[in-house]
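Comments concern the structure below.
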Amino acid sequence: MARTFRHLLLVASTALAGASLPAHSHQDSDHIHLESTTLAEGLVHPWGMAFLPNGDLVVTERAGGIRVLKKDGTLTPRLSNVPEVAAVNQGGMLDITLDPDFEDNNTLYFCFSQPGEGGSSSSVARATYADNGLSDVSVIFSAAPLIDNGFHFGCRLTFDNEGKLFVTLGDRYKYMDEAQNTNNHFGTIVRINSDGTVPTDNPFTEGDAPEVFSYGHRNVQGVTVHPQTGKVWAMEHGPKGGDEVNLINKGANYGWPVITYGIDYSGEVISDKTHKEGMAQPWLYWDPSIAPSGMAFYTGDMFPEWEGDLLVGSLKFTHLRRVEVNNGQPADQHEYLRDNGERIRDVEIAPDGAIYLLTDAPNGKVIKLTRAK
């Protein structure tokens with residue numbers, strides 16, 4: 001049964017050290033009444049979600065399952081015929097998205113850590129969806145090479161307005177220097193056709209990893225398409241400090257680990273440079289890190305004053321964060337639900353303008369945020 005809580009959120013604007021924000025800090029409040037409704041719980045580390053045309057919600061579980069939250073509140077058992085995953089540390093069944101022509105072909109795509117000889121890789125599969133399971137499951141992309149560790153898989157998915165599939169990939173932690181090498185998939189965002197083939201206008205088609213669209217990333221945990229411009233945006237974890245939001249451009253180098261606003265977890269300096277010619281600067285960065293995961297630009301009728309603002313989840317500080325966007329630039333930031341103490345893994349905007357969140361926990365939840373009446 002769904003559980004509903006009503007909040008009067010007095011929201012403090014934040015100007016975090018190092019972020020691309022005004023230097024001053026002040027108290028502010030949007031005085032918006034929100035209702036927070038828990039639609040489902042008992043999910044094992046839910047990671048990604050996508051709305052079906054009929055209003056049902058497909059949700060992945062990092063432990064290896066794909067389940068469906070029906071409009072009537074029923075949570076189905078795991079779908080059948082889902083491939084095995086390497087559910088180790090950060091690996092498992094990760095993001096999911098629908099084919100742009102889903103209403104005609106019932107096709108969906110999911111990114112998962114696929115076990116193989118000598119390790120695992122971030123792989124993308126496409127499948128036909130039915131009420132009780134998947135059919136015609138085929139892997140259309142696998143990051144190379146396979147690595148024997150369970151860290152930094154990336155694995156967020158989105159289709160752009162041209163029907164190209166963007167797949168975010170991590171540097172697999174110990175292999176961060178390879179994020180500057182466009183002949184493998186470490187620390188890149190790749191762009192493929194819906195069947196896994198390589199678009200002819202990709203920037204590195206002559207290399208050994210022709211799927212690469214951009215590089216110099218660390219561990220990209222959010223990707224979305226801007227509803228007005230159609231541009232792809234992505235968000236990645238820094239080390240200790242230096243989480244980034246970036247506008248993704250073809251062939252661009254985002255600098256990791258040559259430039260960074262963070263340091264190693266041990267306190268050691270990774271790089272003493274934050275800028276270098278030929279390497280893109282982030283649109284926004286956070287220092288200290290908030291461990292962002294899941295991102296969406298708000299568009300909808302429920303919160304019209306938020307139109308065009310960026311919503312992100314925070315794992316570290318257990319809140320939903322709204323970044324005001326003024327004339328294309330980041331402005332004040334607001335936090336919601338921090339007192340719940342739940343790690344926010346994903347953020348999606350429902351067709352009716354409500355905001356859906358996944359909480360990252362062994363007993364994970366689907367939470368719906370609406371405007372209180």
Side-chain angles (χ1 to χ4, degrees), residues 2 34-41 43 45-62 65-71 73 75-76 93-100 102-103 108-111 129 154-161 165-168 220-228 232-235 245 292-304 306-315 318-323 325 336-337 340 342-361 364-371:
L34 296 181
E35 272 188 359
S36 169
T37 303
T38 298
L39 299 180
E41 50 192 342
L43 292 151
H45 293 284
W47 212 93
M49 57 181 158
F51 284 96
L52 298 176
N54 67 358
D56 292 347
L57 184 71
V58 183
V59 183
T60 64
E61 293 177 298
R62 183 162 54 81
I66 300 175
R67 304 175 72 177
V68 180
L69 178 61
K70 299 287 190 177
K71 287 184 297 184
L75 187 63
T76 69
M93 181 61 67
L94 303 177
D95 207 13
I96 194 164
T97 195
L98 305 186
D99 190 279
F102 181 88
E103 291 189 81
L108 52 75
Y109 300 77
F110 51 89
C111 190
Y129 167 76
C155 253
R156 288 291 180 192
L157 303 172
T158 194
F159 277 96
D160 71 3
N161 295 340
L165 179 59
F166 284 74
V167 185
T168 76
V220 185
Q221 294 287 286
V223 67
T224 192
V225 174
H226 194 282
Q228 278 77 47
V232 175
W233 291 69
M235 181 176 66
V245 178
S293 187
M295 66 185 297
F297 287 101
Y298 186 81
T299 179
D301 296 332
M302 193 169 293
F303 302 99
W306 294 3
E307 187 73 20
D309 289 352
L310 181 65
L311 301 179
V312 305
S314 170
L315 296 165
T318 64
H319 64 262
L320 173 69
R321 178 169 294 223
R322 176 169 66 93
V323 181
V325 180
Y336 308 89
L337 305 183
N340 284 11
E342 295 178 301
R343 290 158 51 89
I344 305 300
R345 174 59 74 179
D346 199 16
V347 181
E348 292 287 344
I349 311 303
D352 65 357
I355 299 164
Y356 278 61
L357 308 174
L358 297 181
T359 66
D360 182 23
K365 302 173 184 176
V366 179
I367 294 175
K368 179 181 180 180
L369 294 182
T370 54
R371 183 184 290 271

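Just so you know, these numbers come straight off a predicted model, no measurement behind them.
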Do other residues, nucleotides or ligands put more than 12 heavy atoms under 6.0 Å from the CG atom of Asp352?
yes
Any idea how Phe102 and Tyr129 line up, ring-wise: parallel (<30°), tilted (30 to 60°), or perpendicular (>60°)?
tilted
Compare all side-chain heavy atoms of Ile66 with those of Val58 and state whether any distance is below 4.5 angstrom.
yes
Leu39 and Ile367, any side-chain heavy atoms less than 4.5 Å apart
no
Would you say Val245 and Met295 make side-chain contact, with heavy atoms under 4.5 Å?
yes
With side chains defined as the heavy atoms from C-beta onward, is the minimum distance between Lys365 and Leu43 less than 4.5 Å?
no
Quick one: OH on Tyr109 to OG1 on Thr158, what's the gap to the nearest 0.5 Å?
12.5 Å
Could you walk me through whether Leu369 and Leu337 satisfy the side chain to side chain contact (heavy atoms under 4.5 Å, CB included) test, starting with their C-alpha distance in whole Å, then the side-chain angles of each, then the deciding distance to 0.1 Å, before giving a yes or no?
CA-CA 10 Å; Leu369 294 182; Leu337 305 183; 3.8 Å; yes
Look only at the side chain of Tyr356 and the backbone of Ala50, and say whether a donor-acceptor pair between them is shorter than 3.5 Å.
no
Run the side chain to side chain contact (heavy atoms under 4.5 Å, CB included) check on Arg322 and Leu310 step by step: do they pass?
CA-CA 6 Å; Arg322 176 169 66 93; Leu310 181 65; over 6 Å; no
Relative to the ring of Phe297, is the ring of Trp233 parallel (under 30°), tilted (30 to 60°) or perpendicular (over 60°)?
perpendicular
Output the distance between atom CH2 (Trp47) and atom CD (Gln221), rounded to the nearest 0.5 Å.
4.5 Å
Could you tell me the separation between the CD atom of Glu342 and the CG atom of Asp360, rounded to the nearest 0.5 Å?
10.5 Å
Rounded at 0.5 Å granularity, tell me how far OG in Ser314 sits from CZ in Arg345.
11.0 Å
Donor-acceptor check, side chain of Thr359 to backbone of Arg343, threshold 3.5 angstrom: yes or no?
no
What closest approach, in Å, do Glu41 and Leu75 show between heavy atoms, and which atom pair accounts for it?
O-CD2, 4.1 Å
Evaluate side chain to side chain contact (heavy atoms under 4.5 Å, CB included) for Ile349 paired with Leu311, printing each intermediate quantity in order.
CA-CA 9 Å; Ile349 311 303; Leu311 301 179; 3.8 Å; yes
Spacing of CD belonging to Glu307 relative to CG belonging to Asp301, to within rounding of 0.5 Å:
8.0 Å
Indicate the atoms forming the closest heavy-atom contact of Thr168 with Val220, along with that distance.
OG1-O, 3.0 Å
Here the pair of heavy atoms bringing Pro46 nearest to Gly364 is CD-CA, 3.6 Å
Going by the rule salt bridge (Lys or Arg N to Asp or Glu O under 4.0 Å), which residues pair with Asp99 if we only count those two or more places apart in sequence or in a different chain?
none
How far does OG1 of Thr370 sit from CG of Leu34, to the nearest 0.5 angstrom?
7.5 Å
Close side-chain approach of Leu165 and Thr97, heavy atoms under 4.5 Å:
yes
Can you check side chain to side chain contact (heavy atoms under 4.5 Å, CB included) on Val232 and Val223, steps first, answer last?
CA-CA 7 Å; Val232 175; Val223 67; 3.7 Å; yes
Minimum-distance pair of heavy atoms, taken over all atoms of Asp160 and Val225
CA-CG2, 3.9 Å
Which residues pass the salt bridge (Lys or Arg N to Asp or Glu O under 4.0 Å) test with Arg156, not counting sequence neighbours?
Asp95, Asp346
Please report the closest heavy-atom contact between Cys111 and Val167, naming both atoms and the distance.
SG-CG1, 4.3 Å
Minimum heavy-atom distance Met93-Gly65, with the two atoms named
CG-O, 3.7 Å
Sidechain-backbone polar pair: Lys71 side chain, Asn54 backbone, donor-acceptor under 3.5 Å:
yes
Exam field: side chain Arg321 to backbone Val312, donor-acceptor pair closer than 3.5 Å:
no
So Leu98 and Pro53, do their side chains get closer than 4.5 Å, heavy atoms only?
yes
Is there a side-chain contact between Trp306 and Ile355 in this structure, where contact means two heavy atoms from C-beta onward sitting under 4.5 Å apart?
yes
